[in-house]
Colleague: 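Structure incoming, see below.
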Amino acid sequence: IMRKTESEKFAGAEFTYAIELLMPNGKFIQGPDFHHDGQKFSKVFNIQFLDKDGKNKYGWQNTWAITTRVLGVLFAVHGDDKGVVLPPKIAPIQIAIIPIYDNDTKKKVLAEAEKLKKSLEDEFSVYLDDRDIYTPGWKFNEWEIKGAPLRFEIGPRDIEAKQITIARRDISEKMVLGKNKINAKEVQKLLDKIQDNLFRKAQKFLETARVHASKYAELKGILAKGFAKTGWCGAEACETKVRSEFDAKIYILDEKAKGGCIVCGKKARAMVYVAKSY
């Protein structure tokens, strides 16, 4: 979480803190934020309360905000050219079961698919896609687009071999597990692996995109694909220069200042991130 500069804070607020979200192209987009409005708005709109001393006083107000843009960021960060990739902990459908059959094997395959669904639905969000109007290949594609973490494929050959073919959405790979290994414990392990993999990939990207900068000349190259961590003297003139030359903003960190200002070289008053943003 970072504090907005005076020029970037919410108009009328005493100060603004926000969680900036990192997009795949290295730009920030504002996520959940908090504005401390003080008494400015309560005085303008005459919002008062009776205090414990029996006197009317103007209220102290705060504003919190979060929007559906966080979903867009989620899709952008974890998604790929095939569609959405959803972390298991928030996926509305964690497991999509796709039965594969023809007219002769339909009844048998659907019966086995229903058994599989019932064995897992108490612990997980499971959807049995038994729609006849679409082919299995069409369904594979749809559930990849929708980002279901796991896809279970079951057909006559799987039933005969007493196995299930499983596709992991995060790595686009398939595996085959014996039917006796398809239980809540093993499925949870798979979902945990997916969750951990997505987190580690995002964490690695964050660490790679964040570059320490000590010279102004370094900013152009850093901002082309990520963001810079550096020092700032607090002067509006330096902030304006960064904004005008690089179309970037300064975000104040809650850290002890070190070194000099990235722009003017004077003693830094704050450690900051410098980043392009939406």
Colleague: How close do Pro156 and Ile100 get, heavy atom to heavy atom, and via which atoms?
Modeller: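 Heavy-atom minimum between the residues: CD-O, 3.2 Å.
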Colleague: Donor-acceptor pair, Ser42 side chain versus Tyr58 backbone, under 3.5 Å?
Modeller: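 Such a contact is absent between Ser42 side chain and Tyr58 backbone.
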Colleague: Measure the shortest side-chain to side-chain distance between Asp129 and Glu142 over non-hydrogen atoms and say whether it is less than 4.5 angstrom.
Modeller: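 Of all side-chain heavy-atom pairs linking Glu142 with Asp129, at least one is under 4.5 Å.
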Colleague: Of all the heavy-atom pairs spanning Ala167 and Lys174, show the shortest one and how long it is.
Modeller: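 In terms of heavy atoms, the two residues are closest at CB-CG, 3.9 Å.
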Colleague: For residues Leu116 and Val126: do they belong to one hydrophobic cluster (side chain heavy atoms under 4.5 Å, members Ile, Leu, Val, Met, Phe, Trp, Tyr)?
Modeller: yes
Colleague: Salt bridge check: are Lys82 and Asp80 linked by an N-O gap of less than 4.0 Å?
Modeller: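 No, this pair does not count.
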Colleague: Determine, stepwise, if the pair Asp158 / Thr165 fulfils side chain to side chain donor-acceptor pair (under 3.5 Å).
Modeller: CA-CA 7 Å; Asp158 296 298; Thr165 301; 3.2 Å; yes
Colleague: Is there a donor-acceptor pair closer than 3.5 Å between any side-chain N or O of Asp51 and the backbone N or O of Asp53?
Modeller: no
Colleague: For Tyr134 and Asn141, run side chain to side chain donor-acceptor pair (under 3.5 Å): C-alpha distance rounded to whole Å, both residues' side-chain angles, the deciding distance at 0.1 Å, then the answer.
Modeller: CA-CA 11 Å; Tyr134 299 117; Asn141 181 65; over 6 Å; no
Colleague: Between Asp170 and Lys201, is the closest basic N to carboxylate O distance under 4.0 Å?
Modeller: no
Colleague: Between Glu8 and Ile250 (side chain of the first, backbone of the second, donor and acceptor by atom type, cut-off under 3.5 Å), is there such a pair?
Modeller: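 No, because the side chain of Glu8 does not come within donor-acceptor range (under 3.5 Å) of the backbone of Ile250.
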Colleague: Before accepting this row, confirm whether a basic side-chain N of the pair Glu207/Lys204 lies closer than 4.0 Å to the acidic partner's carboxylate O.
Modeller: no
Colleague: For a quick test of reading the model, state the closest non-hydrogen atom pair linking Ser277 to Tyr251 and the distance between them.
Modeller: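 The pair with the smallest heavy-atom distance is CB-OH, 3.3 Å.
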Colleague: With clusters defined by side-chain heavy atoms of hydrophobic residues (ILVMFWY) lying less than 4.5 Å apart, directly or transitively, does Ile90 cluster with Leu198?
Modeller: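 In one cluster: no.
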Colleague: Below 4.0 angstrom, N of the basic side chain to O of the carboxylate: do Glu6 and Lys9 qualify?
Modeller: yes
Colleague: So which heavy atom on Leu219 is nearest to which on Ile262, and how close?
Modeller: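 Reported closest heavy-atom pair: CD1-CG1, 4.1 Å.
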Colleague: Would you give the length of the straight line joining atom CZ of Phe10 to atom CG of Asp37, rounded to the nearest 0.5 angstrom?
Modeller: 6.5 Å
Colleague: Which of these passes side chain to side chain contact (heavy atoms under 4.5 Å, CB included) with Glu14: Lys40, His35, Gln39?
Modeller: Lys40
Colleague: Test Lys276 against Lys27 for side chain to side chain contact (heavy atoms under 4.5 Å, CB included), laying out the working first.
Modeller: CA-CA 5 Å; Lys276 291 179 177 291; Lys27 289 185 177 183; 3.8 Å; yes
Colleague: Would a single hydrophobic cluster contain both Leu86 and Met23, if residues Ile, Leu, Val, Met, Phe, Trp and Tyr are joined by side-chain heavy-atom contacts under 4.5 Å?
Modeller: no
Colleague: In terms of hydrophobic clustering (I, L, V, M, F, W, Y; side-chain heavy atoms under 4.5 Å; direct or indirect links), are Ile97 and Ile166 co-clustered?
Modeller: yes
Colleague: Please check if the side chain of Thr105 supplies one atom and the backbone of Tyr101 the other of a donor-acceptor pair under 3.5 Å.
Modeller: no
Colleague: Among Lys249, Arg210, Lys4, find the one that has a salt bridge (charged side-chain N to carboxylate O under 4.0 Å, His left out) with Glu20.
Modeller: Lys4
Colleague: What heavy-atom pair brings Ile93 and Pro149 nearest, and what distance separates the two atoms?
Modeller: O-CD, 3.4 Å
Colleague: Using only atom types and a distance under 3.5 Å, with no angle test, would you say the side chain of Arg151 pairs donor to acceptor with the backbone of Ala96?
Modeller: no
Colleague: Anything under 30° is parallel, anything over 60° is perpendicular, the rest tilted; go ahead and classify His36 against Phe15.
Modeller: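 Plane angle between 30° and 60°, so tilted.
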Colleague: If hydrophobic clusters are built from ILVMFWY residues whose side chains come within less than 4.5 Å, do Leu21 and Leu71 share one?
Modeller: no
Colleague: Would you name the heavy atoms of Ala18 and Asp33 that are closest together and state the gap between them?
Modeller: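 It is CB-CB, 3.7 Å.
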